[in-house]
Amino acid sequence: MVQTTPFLLVLLLALGAQSLAVKKCSLTGHWVNDLGSNMTVTAVNKNGDFSGTYHTAVTATSNEIKVSPLQGSQQTGPNQKGQPTFGFTVNWDFSDSITVFTGQCFVDDDGKEVLKTMWLLRSRVENIKNDWKATRVGVNVFTRLPSLE
């Protein structure tokens with residue numbers, strides 16, 4: 001029994017250390033935010049670039065809402081610890097506006113992935129006198145949707 005004790009101790013330490021490892025958060029996949037908007041992010045390449053689509057549930061225009069393209073970038077490199085920062089732009093196909101998002105991908109205490117974001121929406125205005133009302137700011141929290149496959 002004396003010879004198996006060190007082996008069991010090492011085994012228990014290894015299993016315990018593995019459970020302490022930080023789960024990595026991945027942007028790739030399908031997301032829904034707190035307002036019901038849906039976003040799909042395709043694979044993030046080695047440089048951190050990604051694209052996808054965004055289907056908003058809210059708008060200030062009377063135009064028909066359409067799925068719009070998004071382009072973004074995720075922080076990469078040696079300092080990345082599995083909960084990356086990112087930014088992306090949505091070029092709305094149905095209005096004269098564009099939105100930029102910035103945020104971080106987290107794994108919460110329950111092991112669920114969450115995107116915490118802040119955004120700026122810039123709408124077109126007729127002249128510089130109306131510039132004061134052209135930019136809106138907000139926050140959204142996205143949660144992962146189950147895979148559609």
Side-chain angles (χ1 to χ4, degrees), residues 10-149:
V10 169
L11 180 62
L12 288 173
L13 288 173
L15 291 173
Q18 187 176 20
S19 68
L20 294 176
V22 175
K23 181 179 176 192
K24 292 187 178 192
C25 191
S26 171
L27 290 177
T28 303
H30 306 286
W31 301 88
V32 63
N33 72 18
D34 45 328
L35 297 175
S37 298
N38 287 279
M39 175 176 68
T40 299
V41 175
T42 58
V44 178
N45 72 20
K46 67 179 180 167
N47 297 323
D49 300 325
F50 60 89
S51 61
T53 57
Y54 198 105
H55 189 218
T56 187
V58 295
T59 184
T61 181
S62 59
N63 297 342
E64 177 187 354
I65 295 174
K66 296 179 181 176
V67 175
S68 297
L70 69 82
Q71 293 287 325
S73 184
Q74 170 185 302
Q75 182 63 38
T76 60
N79 294 326
Q80 197 50 247
K81 303 295 187 227
Q83 299 197 73
T85 56
F86 61 88
F88 63 88
T89 302
V90 180
N91 187 359
W92 303 110
D93 279 345
F94 59 90
S95 70
D96 291 335
S97 61
I98 196 161
T99 303
V100 292
F101 288 79
T102 187
Q104 188 168 354
C105 188
F106 290 103
V107 178
D108 70 14
D109 292 339
D110 296 324
K112 295 180 182 172
E113 293 169 299
V114 176
L115 306 180
K116 299 283 281 186
T117 67
M118 176 171 263
W119 52 263
L120 292 171
L121 179 143
R122 176 66 188 210
S123 297
R124 183 186 166 282
V125 291
E126 293 300 320
N127 56 56
I128 199 166
K129 292 177 186 172
N130 290 325
D131 183 62
W132 65 271
K133 65 180 180 178
T135 302
R136 297 180 182 147
V137 63
V139 295
N140 284 125
V141 177
F142 291 81
T143 54
R144 185 176 293 285
L145 287 170
S147 178
L148 300 175
E149 299 164 80

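As the structure is a computational prediction, the values presented were derived from the model and not from experiment.
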Could you go step by step and tell me if Val114 and Val141 meet the side-chain contact (heavy atoms from CB on, under 4.5 Å) rule? CA-CA 7 Å; Val114 176; Val141 177; 3.5 Å; yes
For residues 92-134, which residue pairs pass the disulfide bond (SG atoms under 2.5 Å apart) check, not counting sequence neighbours? Cys25-Cys105
Could you list the residues that satisfy side-chain contact (heavy atoms from CB on, under 4.5 Å) with [X], not counting sequence neighbours?
| X | answer |
| --- | --- |
| Ser73 | Asp49 |
| Gln104 | Gln83, Thr85, Phe106 |
| Val32 | Asn38, Thr143, Leu145 |

Measure the [atom1]-[atom2] distance between [X] and [Y] for me, rounded to the nearest 0.5 Å.
| X | Y | atom1 | atom2 | value |
| --- | --- | --- | --- | --- |
| Thr117 | Phe142 | OG1 | CZ | 5.0 Å |
| Leu27 | Thr42 | CG | OG1 | 10.5 Å |
| Leu35 | Thr56 | CG | OG1 | 7.5 Å |

Run the side-chain contact (heavy atoms from CB on, under 4.5 Å) check on Met39 and Leu115 step by step: do they pass? CA-CA 11 Å; Met39 175 176 68; Leu115 306 180; 3.7 Å; yes
Partners passing side chain to side chain donor-acceptor pair (under 3.5 Å) against [X] (at least two apart in sequence or in another chain):
| X | answer |
| --- | --- |
| Thr89 | none |
| Ser68 | none |
| Trp92 | Thr99 |

Would you please test Thr28 and Phe50 for side-chain contact (heavy atoms from CB on, under 4.5 Å) and show each step? CA-CA 9 Å; Thr28 303; Phe50 60 89; over 6 Å; no
For Asp110, look at atom CG and say whether over 12 heavy atoms of other residues, nucleotides or ligands are found less than 6.0 Å away. yes
Side-chain heavy atoms of Asp93 within contact of Val67, under 4.5 Å: no
Please check if the side chain of Ser37 supplies one atom and the backbone of Ala57 the other of a donor-acceptor pair under 3.5 Å. yes
Residue pairs involving residues 138-147 (criterion salt bridge (charged side-chain N to carboxylate O under 4.0 Å, His left out); sequence neighbours excluded): Glu113-Arg144
Return all side-chain donor-acceptor pairs below 3.5 angstrom for residues 118-129, not counting sequence neighbours, or 'none' if the list is empty.
| from | atom 1 | to | atom 2 | distance (Å) |
| --- | --- | --- | --- | --- |
| Trp119 | NE1 | Asn140 | OD1 | 3.0 |
| Arg122 | NH1 | Asp131 | OD1 | 3.0 |
| Arg122 | NH1 | Thr135 | OG1 | 3.2 |
| Arg122 | NH2 | Asp131 | OD1 | 2.6 |
| Arg124 | NH1 | Glu126 | OE2 | 2.9 |
| Asn127 | OD1 | Lys129 | N | 3.0 |
| Asn127 | OD1 | Asn130 | N | 3.2 |

Give me the ring orientation class for Tyr54 and Phe88: parallel if the planes are under 30° apart, tilted from 30 to 60°, perpendicular past 60°. tilted
